[in-house]
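One structure is given here, and the rest of the page talks about it.
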Amino acid sequence: MRTATLGPKERAASLAAMAERELDLLVVGAGVVGAGTALDAVTRGLSTGLVEARDWASGTSSRSSKLIHGGLRYLEMLDFALVREALKERGLLLERLAPHLVKPVPFLYPLQHKGWERLYAGSGVALYDVMSMARGHGRGLPLHRHLTRRQALRVAPALRKDALVGALQYYDAQMDDARYVATLVRTAAAYGAKVANRARVTSFLREGERVVGVRVQDAEGGGEYEIRAKQVVNATGVWTDDTQSMVGERGQFHVRASKGVHLVVPKDRIHSTTGLILRTEKSVLFVIPWGRHWIVGTTDTDWDLDKAHPAASSADIDYVLDHVNSVLAVPLTRDDVEGVYAGLRPLLAGESDATSKLSREHTVAHPVPGLVVVAGGKYTTYRVMAKDAVDAAVHGLDMRVADCVTEDIPLVGAEGYRALWNGRARIAERTGLHVVRVEHLLNRFGALTEEILELIAADPSLGEPLQSADDYLRAEIVYAASHEGARHLDDVLTRRTRISIETFDRGTGCAREAAELMAPVLGWDKEQIEREVEHYQKRVEAERESQRQPDDLTADAARLGAPDILPR
């Protein structure tokens with residue numbers, strides 16, 4: 001199977017092709033659900049388009065807890081169907097669809113009460129394992145185990161001795177959420193979907209009651225396109241209600257945004273060989289291994305301010321620190337925090353006022369002819385949401401359409417990944433890269449690593465690490481612009497890599513070097529390089545200022561102090 005290159009030329013060609021001929025299906029929104037919907041549709045043989053107002057996964061899908069999990073806490077809510085569905089998807093992703101991107105991760109659950117809590121929590125985790133194995137997709141993860149306090153402190157010495165009487169350890173999975181979406185988009189494009197980011201829908205085209213397409217503004221080239229389609233799928237997440245308002249129809253359901261804030265701290269600040277899951281008064285708090293870092297989160301609060309740039313306030317940061325410090329022998333301080341990010345969960349509005357109690361299940365509706373809306377759900381079950389959205393759209397197509405096949409469609413980079421992983425020492429010897437660098441590339445690109453190595457072979461300087469973010473090679477920056485659809489510096493430092501949250505300077509130290517690497521690919525002159533660097537620095541300043549503010553209102557105002565980047 002050929003891999004799709006998503007460079008500037010390919011983007012322009014996709015926009016032109018979408019405007020030239022009516023599509024069977026057009027997806028609006030390239031988060032994980034939209035990208036998954038495009039892949040589902042194109043692999044059923046439908047002519048498919050995908051447009052995104054900003055960057056792939058620029059909203060919710062790049063700001064999650066980065067977990068692929070069955071939702072252990074939903075067992076407590078007796079939502080067995082949701083857990084069963086999610087565990088099946090977790091198994092598929094680990095074993096078949098994306099083994100290069102989705103990895104097992106251990107979690108320790110500290111027990112604070114003797115007797116009953118071990119029986120209660122242990123029964124839940126045991127059921128979790130049984131449900132996973134029963135679906136035939138649990139073979140890739142070890143079973144849970146019970147630990148005494150001494151055993152727990154051996155695997156997690158960072159815990160206070162008085163914070164637990166024992167523990168349970170179980171496994172889930174994790175991924176880089178933004179990288180996963182970019183890979184989904186490339187997979188859809190490889191099968192023939194036309195895809196374009198920085199292409200904002202400004203209105204829907206109507207013929208009588210029927211939606212027949214959209215009008216799109218090209219935020220890069222400045223042109224406007226009419227893209228006609230037999231069916232349009234609205235997969236815009238927390239923007240669902242806003243997108244629906246363009247149609248002039250009252251939606252059949254509403255989406256509420258719940259803000260989740262995460263902190264990133266260096267690995268040496270928490271001495272542990274396992275992740276942690278802690279119960280809070282509202283939900284749960286995770287401490288998640290993340291390369292040379294930990295991700296600590298999350299919060300769960302209602303948000304009705306700017307959706308594009310949700311802001312983390314000082315109160316949010318204090319909440320996370322206070323809860324994690326309640327179990328740590330050496331508390332974390334503000335000085336330990338490298339990065340902070342805030343994301344919005346798209347929750348289906350229900351009768352409960354508490355966002356943590358709103359449904360994580362999804363809904364698909366057909367509000368007017370020609371338009372399908374999909375919303376809600378959780379990252380892990382994106383493929384099921386995509387299938388349901390395309391199934392609904394198929395009802396409006398006057399043609400015979402094949403059933404969903406994405407259960408058997410590995411993402412680009414998956415095929416051959418395990419063989420390359422087994423041969424990583426030879427790859428290191430052949431290329432002169434350290435084996436740790438090769439492992440880093442394989443776990444980000446899978447078999448597509450060969451494309452990165454070709455760039456380095458042509459220009460050995462690209463095999464050097466970025467000066468102020470040495471976890472990443474210079475070649476990865478070039479590749480992001482030439483192959484992965486990155487259009488701006490922010491796309492690369494925030495989503496194609498995670499430099500914006502993995503360095504204490506939040507990426508400002510390598511911003512110029514990265515911009516200069518992107519410039520030849522994207523045709524930037526010196527003036528545009530300066531604009532990109534200046535914009536990124538202002539974004540970081542605005543985020544830092546928002547994180548000093550006491551509440552959501554003041555944090556939101558501070559974050560909006562940095563405008564979005566615009567092309568020349």
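Across Pro99 and Arg96, no two heavy atoms sit closer than the pair CD-O, 3.8 Å. Taking each heavy atom of Ala156 and Thr274 in turn, the nearest pair found is CB-CG2, 4.2 Å. The two residues His144 and Val125 come nearest to each other via the heavy atoms CB-CG1, 3.3 Å. Nearest heavy atoms, Thr298 versus Leu285: N-CD1, 3.6 Å. Of all non-hydrogen atoms in Glu52 and Ser58, the two that sit nearest each other are OE2-OG, 3.6 Å. Considering every non-hydrogen atom in both Glu10 and Thr5, the closest pair reads CG-O, 2.9 Å.
A donor atom on one side chain and an acceptor atom on the other are not found under 3.5 Å apart for Asp24 and Gln231. Between the side chains of Ser132 and Arg90, a donor-acceptor pair is found at a separation under 3.5 Å. The closest side-chain donor-acceptor pair between Thr381 and His362, if any, does not fall under 3.5 angstrom. Between the side chains of Thr497 and Glu476, no donor N or O sits under 3.5 Å from an acceptor N or O. Side-chain contact, Glu502 with Trp290: a donor N or O sits under 3.5 Å from an acceptor N or O.
In this structure, Trp294 contributes its side chain and Val287 its backbone to no donor-acceptor pair below 3.5 Å. Formation of a donor-acceptor pair under 3.5 Å by the Thr449 side chain with backbone atoms of Ala447 is not found in this model. For the pair Glu117 (side chain) and Gln112 (backbone), a donor-acceptor distance under 3.5 Å is present. Within the 3.5 Å criterion, the main-chain N or O of Arg498 finds a donor-acceptor partner in the side chain of Tyr472. Side-chain atoms of Arg496 come within 3.5 Å of backbone atoms of Glu484 as a donor-acceptor pair (strictly under, hydrogens ignored). A donor-acceptor distance shorter than 3.5 angstrom exists from the side chain of Thr60 to the backbone of Leu344, with no hydrogens or angles considered. In terms of modelled atom types and a separation under 3.5 Å, the side chain of Thr494 and the main chain of Asp491 share no donor-acceptor contact. Between the Thr273 side chain and the Val155 main chain, a donor and an acceptor come within less than 3.5 Å of each other. Side-chain atoms of Arg345 do not come within 3.5 Å of backbone N or O of Ser64 as any donor-acceptor pair. Asn197 contributes a side-chain N or O that, together with a main-chain N or O of Gly485, makes up a donor-acceptor pair within less than 3.5 Å.
Taken to the nearest 0.5 Å, the CD atom of Gln151 stands 10.0 Å off from the CD atom of Gln169. In this structure, Leu442 CG and His100 NE2 are separated by 10.5 Å, a value rounded to the nearest 0.5 Å. Note that CG of Leu97 is 7.5 Å distant from CD of Glu89, once rounded to the nearest 0.5 Å.
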Output, in order, the C-alpha distance, side-chain angles, deciding distance and verdict of side chain to side chain contact (heavy atoms under 4.5 Å, CB included) for Val265 and His293.
CA-CA 6 Å; Val265 301; His293 318 267; over 6 Å; no
Check the pair Asp242, Lys307 against salt bridge (Lys or Arg N to Asp or Glu O under 4.0 Å), reporting the backbone distance first and the verdict last.
CA-CA 11 Å; Asp242 304 79; Lys307 295 187 182 75; 3.3 Å; yes
Chi angles and distances behind the side-chain hydrogen bond (donor to acceptor under 3.5 Å, both in side chains) call for His146, Arg118
CA-CA 8 Å; His146 286 260; Arg118 185 179 290 277; 3.1 Å; yes
Determine whether Tyr341 and Val261 satisfy the following criterion, side chain to side chain contact (heavy atoms under 4.5 Å, CB included), listing intermediate values before the conclusion.
CA-CA 6 Å; Tyr341 65 94; Val261 171; over 6 Å; no
Carefully, step by step, assess Glu451 and Arg186 under the rule salt bridge (Lys or Arg N to Asp or Glu O under 4.0 Å).
CA-CA 14 Å; Glu451 296 180 349; Arg186 288 189 70 186; 3.5 Å; yes
Intermediate values then yes/no, side chain to side chain contact (heavy atoms under 4.5 Å, CB included), Thr299 and Val320
CA-CA 7 Å; Thr299 61; Val320 175; 3.8 Å; yes
Going through the checks in order, is the side chain to side chain contact (heavy atoms under 4.5 Å, CB included) test met by Ser47 and Lys194?
CA-CA 8 Å; Ser47 60; Lys194 305 303 180 186; over 6 Å; no
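Of the residues listed (Leu82, Ile68, Asp172, Val32), the one engaging Thr380 in a side-chain contact (heavy atoms from CB on, under 4.5 Å) is Ile68, and it is the only one. Results of the salt bridge (charged side-chain N to carboxylate O under 4.0 Å, His left out) test with Asp55 over Arg11, Arg495, Arg198 single out Arg495 as the only residue that passes. A salt bridge (charged side-chain N to carboxylate O under 4.0 Å, His left out) with Lys259 is found for exactly one of Asp302, Asp316, Asp300, namely Asp316.
In this structure, Glu407 pairs ionically with Lys88, as a charged nitrogen and a carboxylate oxygen lie closer than 4.0 Å. Classification of Lys387 and Asp40 as a salt-bridged pair fails, no side-chain N sitting under 4.0 Å from a carboxylate O.
Between Phe286 and Phe107, the ring center distance clears the sub-6.0 Å criterion. In summary, the aromatic rings of Tyr417 and Phe445 are positioned with their centroids too far apart to meet the 6.0 Å limit.
Around the CG atom of Asp403, the shell of radius 6.0 Å holds no more than 12 heavy atoms that belong to other residues, nucleotides or ligands.
Lys66 is linked by a salt bridge (charged side-chain N to carboxylate O under 4.0 Å, His left out) to Asp177, counting only residues two or more places apart in sequence or in another chain. Residues passing the ring pair (Phe, Tyr, Trp, His ring centres under 6.0 Å) test with His483 are Tyr479, sequence neighbours excluded.
Side-chain atoms of Met175 and Tyr379, non-hydrogen and from C-beta on, do get closer than 4.5 Å to each other.
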